[in-house]
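Since the structure is predicted, the reported quantities are computational estimates derived from the model, not experimental observations.
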Amino acid sequence: MILLARHGETDANVVPLRFQGRLDTVLNATGRRQADELAERLRGEEIGALYCSDLTRARQTADAVGRVIGLEPTVDARFAEGDRGRWEGRLMDDVARAEPEAFAAWRRAGAGWRFPGGESLQEHADRVAAGLADITRRGGSAALVVCHGGSIRVALCRTDPRGLDAFHDLAVPNAALVRL
């Protein structure tokens with residue numbers, strides 16, 4: 001079994017929301033508390049391996065969990081958030097005003113969506129799937145992957161009959177835990 005956990009809150013995750021993507025943001029005070037709470041929820045779970053994205057917010061969350069469950073996180077860049085291209089760091093409201101057609105296309109998402117200057121949802125989904133497949137091949141007890149909302153959503157879209165068209169219908173709050 002694989003468990004996916006989203007990192008704790010960062011300043012970019014609070015209103016007004018920003019496209020975070022590959023920006024290497026850190027957990028804020030709420031995010032650090034959420035990481036500790038996630039770790040406590042996982043205490044006693046039989047987790048044999050711990051992985052995380054290479055972005056600091058995921059590593060910080062994985063470190064908090066690892067201290068409680070007694071595992072050192074293995075960093076795997078395939079679980080990083082999608083590359084939001086030239087939208088990274090920008091407020092979502094600003095993008096919606098400045099590029100209404102592109103923003104509307106983003107809200108429809110789907111396999112063909114590509115961030116301007118960034119990654120497509122399909123590319124994001126493919127690299128996350130490759131990472132999950134490698135973990136599955138290793139076998140053994142449950143594995144936990146601490147990653148990002150977008151990475152979890154593209155993984156969940158693989159089991160949804162709508163595929164990546166379901167991307168925006170899936171809510172993955174900070175410090176959420178999903179069992180695959």
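Cluster annotation: Leu42 is connected to Met1 through the hydrophobic network of ILVMFWY side chains, with a link wherever side-chain heavy atoms come within less than 4.5 Å. Leu4 and Leu38 fall into different hydrophobic clusters, where Ile, Leu, Val, Met, Phe, Trp and Tyr side chains are chained together by heavy-atom contacts under 4.5 Å. Under the 4.5 Å side-chain heavy-atom criterion for Ile, Leu, Val, Met, Phe, Trp and Tyr, Val26 and Leu23 are members of distinct hydrophobic clusters. Cluster membership for Val172 and Met92, using ILVMFWY side-chain heavy atoms within less than 4.5 angstrom, is shared. Note: the hydrophobic cluster containing Leu180 also contains Val145 (ILVMFWY, side chain heavy atoms under 4.5 Å, direct or indirect links).
At distances below 3.5 Å, at least one donor-acceptor pair connects side-chain atoms of Thr136 with backbone N or O atoms of Leu132. With hydrogens and angles ignored, the 3.5 Å screen pairs no side-chain donor or acceptor of Arg153 with any backbone N or O of Cys157. With hydrogens and angles disregarded, no donor-acceptor distance shorter than 3.5 Å links the side chain of Thr56 to the backbone of Thr25. Using a distance-only test at 3.5 Å, with no hydrogens or angles considered, no donor-acceptor pair links the side chain of Thr61 to the main chain of Ala35. Counting only distance, with no hydrogens or angles, the side chain of Glu119 and the backbone of Asp83 share a donor-acceptor pair below 3.5 Å. With hydrogens and angles ignored, the 3.5 Å screen pairs no side-chain donor or acceptor of Arg78 with any backbone N or O of Ala129. Side-chain atoms of Glu88 come within 3.5 Å of backbone atoms of Arg22 as a donor-acceptor pair (strictly under, hydrogens ignored).
Using modelled atom types and a 3.5 Å distance limit, the side chains of Asn174 and Gln34 yield no donor-acceptor pair. No side-chain donor-acceptor contact under 3.5 Å links His148 and Arg6.
The two atoms that bring Ala64 and Asp36 nearest to each other are CB-OD1, 3.8 Å, heavy atoms only. Counting all heavy atoms, side chain and backbone alike, Gly48 lies closest to Leu71 at C-CD1, 3.9 Å. Residues Gly8 and Leu27 approach most closely at O-CD2, 3.2 Å, considering heavy atoms. What you find for Ile135 and Ala143 is that their closest heavy atoms are CG2-CB, 3.6 Å. Closest approach of Glu46 to Ala142, counting heavy atoms only: O-CB, 3.5 Å. Of all heavy-atom pairs spanning His168 and Ala109, the tightest one is CD2-CB, 3.5 Å.
Using a 4.5 Å heavy-atom cutoff, the side chains of Glu81 and His124 are in contact. By the 4.5 Å heavy-atom criterion applied to side chains, Gln122 and Trp113 are not counted as neighbours. Side chains of Leu164 and Val154 form a contact here, defined as non-hydrogen atoms less than 4.5 Å apart. At least one side-chain heavy atom of Val75 sits less than 4.5 Å from a side-chain heavy atom of Arg59.
Distance check: Leu50 CG to Thr74 OG1 gives 7.0 Å after rounding to the nearest 0.5 Å. His7 NE2 to Cys147 SG: the interatomic distance, rounded to the nearest 0.5 Å, is 8.5 Å. Separation of atoms CG (Leu55) and CG (Asp24) is listed at 5.5 Å; rounding is to 0.5 Å. Taking SG from Cys52 and CG from Leu144, the interatomic distance works out to 9.5 Å, rounded to the nearest 0.5 Å. To the nearest 0.5 Å, atom CG of residue Asp126 and atom OG of residue Ser120 are 7.5 Å apart. Between atom CG of residue Leu17 and atom CG of residue Asp93 there is a gap of 8.0 Å, rounded to the nearest 0.5 Å.
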- Could you walk me through whether Glu123 and Arg114 pass the salt bridge (Lys or Arg N to Asp or Glu O under 4.0 Å) check? CA-CA 9 Å; Glu123 290 165 340; Arg114 175 179 297 280; 2.9 Å; yes

- Might you work through the side chain to side chain contact (heavy atoms under 4.5 Å, CB included) test for Asp76 and Asp54, ending with a clear yes or no? CA-CA 6 Å; Asp76 189 329; Asp54 60 337; over 6 Å; no

- Just do the salt bridge (Lys or Arg N to Asp or Glu O under 4.0 Å) check on Arg32 and Glu37 with the steps written out, would you? CA-CA 9 Å; Arg32 290 187 298 276; Glu37 290 168 355; over 6 Å; no

- Task: Applying salt bridge (Lys or Arg N to Asp or Glu O under 4.0 Å), run through Glu99 and Arg90 and close with a yes or a no.
- Result: CA-CA 12 Å; Glu99 303 178 51; Arg90 293 177 63 191; 3.0 Å; yes

- Task: Give the intermediate values and the outcome of side chain to side chain contact (heavy atoms under 4.5 Å, CB included) for residues Leu3 and Leu177.
- Result: CA-CA 7 Å; Leu3 297 98; Leu177 183 63; 4.0 Å; yes

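In Arg86, the CZ atom is crowded: over 12 heavy atoms of neighbouring residues, nucleotides or ligands sit closer than 6.0 Å.
The side chain to side chain donor-acceptor pair (under 3.5 Å) with Thr10 is formed by just one residue from the set Arg18, Arg57, Gln60, Gln20; it is Gln20.
Ring pair Phe103/Phe19 is perpendicular by interplanar angle, where above 60° counts as perpendicular and below 30° as parallel.
With sequence neighbours left out, the ring pair (Phe, Tyr, Trp, His ring centres under 6.0 Å) criterion links Phe167 to Trp106. By the salt bridge (Lys or Arg N to Asp or Glu O under 4.0 Å) test, Asp165 is found to be paired with no residue, residues two or more places apart in sequence or in another chain being considered.
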